[in-house]
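Have a look at the structure below before the remarks.
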Amino acid sequence: MIHILKGPFEKASRPLVDLLIRHHYTAFHLTMIAFFGTLLASILIYYQNWIIGSSLFMFFSLFDALDGSLARRNNSAKPIGAFFDSVMDRFSDSAILFAIIFYAFNTGKRNIFLLALLALIASLITSYIKAKAENFLEFGSIGLLQRPERVLIIFLMLLFPNYLLLGLWVLVIGGYITICQRLYSAYQKFNPQSFS
């Protein structure tokens with residue numbers, strides 16, 4: 001859903017990207033800023049500093065959204081950059097969900113603990129399916145909850161912690177729907193004879 005805004009976002013963010021390029025920032029720099037910023041946000045979330053933690057999470061997620069635009073803008077986009085960005089995205093996603101898992105564990109909130117764990121698994125498998133399928137075919141962006149949607153849901157549920165349980169339910173249900181969508185799409189795209 002949100003990924004359809006990628007084109008307008010790149011256009012709107014072009015002045016900021018150009019400013020970053022003029023100050024000699026690279027896509028690698030933005031990826032690392034996003035990662036370490038998310039780690040900081042995760043620590044704050046663990047200590048239940050919800051407003052600052054969620055705000056920092058969203059702020060640093062924007063850096064991650066800009067790294068690809070910057071690489072394309074200054075013609076430095078390479079497969080190694082996309083690979084590294086994808087790996088760091090998995091670390092960032094895991095860090096913020098781990099913060100929720102540890103918060104729930106320490107406060108004895110078993111339902112939040114279990115749902116956050118299921119959400120983490122769904123997030124990792126969703127990304128893994130796409131990465132694995134792209135080894136064999138052109139896969140594209142498929143599914144109800146892709147990374148931009150997950151980032152937005154996590155931001156909102158952290159900003160409004162009274163709705164943490166609801167947000168986790170959305171992540172879990174949407175995440176496993178997305179897994180099914182991607183598995184089905186991959187099944188359709190592969191040669192059906194290969195399954196016989």
Side-chain angles (χ1 to χ4, degrees), residues 1-3 31 34-48 50 53-54 56-58 60-61 64-65 67-68 82-137 139-190 195:
M1 293 181 287
I2 295 176
H3 67 276
T31 297
F35 169 67
F36 285 110
T38 301
L39 282 184
L40 175 60
S42 300
I43 293 167
L44 291 169
I45 291 302
Y46 171 75
Y47 287 108
Q48 301 176 48
W50 303 105
S54 61
L56 286 178
F57 171 68
M58 181 53 76
F60 287 110
S61 293
D64 183 61
D67 57 7
F83 169 77
F84 182 75
D85 179 52
S86 181
V87 170
M88 299 313 291
D89 284 350
R90 303 294 75 76
F91 275 117
S92 295
D93 293 348
S94 298
I96 201 75
L97 287 168
F98 261 118
I100 298 169
I101 289 167
F102 288 137
Y103 151 75
F105 179 79
N106 284 340
T107 55
K109 297 183 178 179
R110 293 182 182 178
N111 49 0
I112 290 176
F113 176 85
L114 179 61
L115 286 173
L117 194 57
L118 290 172
L120 174 62
I121 294 168
S123 172
L124 295 175
I125 292 179
T126 297
S127 301
Y128 178 78
I129 292 170
K130 181 177 181 181
K132 196 68 174 174
E134 286 177 339
N135 285 335
F136 306 102
L137 45 84
F139 197 66
S141 297
I142 296 164
L144 180 65
L145 285 189
Q146 297 175 52
R147 189 159 195 269
E149 288 84 4
R150 292 196 306 269
V151 166
L152 180 60
I153 292 166
I154 291 170
F155 165 67
L156 290 173
M157 73 183 192
L158 295 178
L159 185 62
F160 304 104
N162 289 339
Y163 296 97
L164 189 61
L165 199 60
L166 174 62
L168 287 170
W169 272 113
V170 172
L171 283 176
V172 169
I173 293 170
Y176 287 96
I177 288 173
T178 305
I179 288 171
C180 292
Q181 289 175 308
R182 290 191 171 185
L183 286 173
Y184 181 67
S185 179
Y187 174 81
Q188 286 185 311
K189 288 174 184 287
F190 281 111
F195 293 94

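- Between T107 and Q48 there is a side-chain heavy-atom pair separated by less than 4.5 Å.
- The aromatic rings of Y187 and Y184 sit parallel, their planes meeting at an angle under 30°, below the 60° perpendicular limit.
- Contact between G143 and T178 at its shortest, heavy atoms only, is CA-CG2, 3.8 Å.
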Check the pair E149 / L144 against side chain to side chain contact (heavy atoms under 4.5 Å, CB included), numbers first and verdict last. CA-CA 8 Å; E149 288 84 4; L144 180 65; over 6 Å; no

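- With a 4.5 Å cut-off on side-chain heavy atoms, F57 and V151 count as touching.
- Between F102 and Y46, the two ring planes are perpendicular [angle over 60°; tilted spans 30° to 60°].
- Taking the side chain as every heavy atom from C-beta outward, I179 and Y128 never approach each other to under 4.5 Å.
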Side chain to side chain contact (heavy atoms under 4.5 Å, CB included) assessment of I45 paired with I100: CA-CA 7 Å; I45 291 302; I100 298 169; 4.3 Å; yes

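- Rounding to the nearest 0.5 angstrom, the gap separating the CZ atom in F155 from the CG atom in L56 is 10.5 Å.
- Here CD1 of I125 is found 9.0 Å from CG of L183. Values are rounded to the nearest 0.5 Å.
- Other residues, nucleotides and ligands place no more than 12 heavy atoms under 6.0 Å from the CZ atom of F98.
- When every heavy atom of A99 is checked against every heavy atom of S42, the shortest pair comes out as CB-O, 3.2 Å.
- Every residue meeting the side chain to side chain donor-acceptor pair (under 3.5 Å) condition with D64, not counting sequence neighbours, appears here in chain and number order: R147.
- Listed for the T38 side chain is a donor-acceptor partner under 3.5 Å among the backbone atoms of A34.
- Between I154 and M58, every side-chain heavy-atom pair lies at or beyond the 4.5 Å cut-off.
- Of the residues listed (I112, L118, N111), the one engaging L114 in a side chain to side chain contact (heavy atoms under 4.5 Å, CB included) is L118, and it is the only one.
- Atom CG in D89 sits 10.0 Å away from atom CZ in F84 (nearest 0.5 Å).
- Considering CD1 of I101 and CG of N106, their distance stands at 12.0 Å, rounded to 0.5 Å.
- Side chain of S123 to backbone of A119: no donor-acceptor contact under 3.5 angstrom is found.
- Under the 4.5 Å side-chain criterion, counting only non-hydrogen atoms from C-beta, L145 is not in contact with T126.
- Using a 4.5 Å heavy-atom threshold, the side chains of M157 and L171 count as touching.
- Counting all heavy atoms, side chain and backbone alike, I142 lies closest to R182 at O-NE, 2.6 Å.
- Across every non-hydrogen atom of K109 and Y103, the tightest pair is NZ-OH, 2.8 Å.
- With rounding to the nearest 0.5 Å, the separation of CD1 in I43 from CD1 in I96 is 10.0 Å.
- Across A41 and G53, no two heavy atoms sit closer than the pair CB-O, 3.4 Å.
- Residues A95 and L39 approach most closely at CB-CD2, 3.7 Å, considering heavy atoms.
- For the atom pair CG (L159) and OG (S54), the distance works out to 4.0 Å, reported to the nearest 0.5 Å.
- More than 12 heavy-atom neighbours from other residues, nucleotides or ligands sit within 6.0 angstrom of CH2 on W50.
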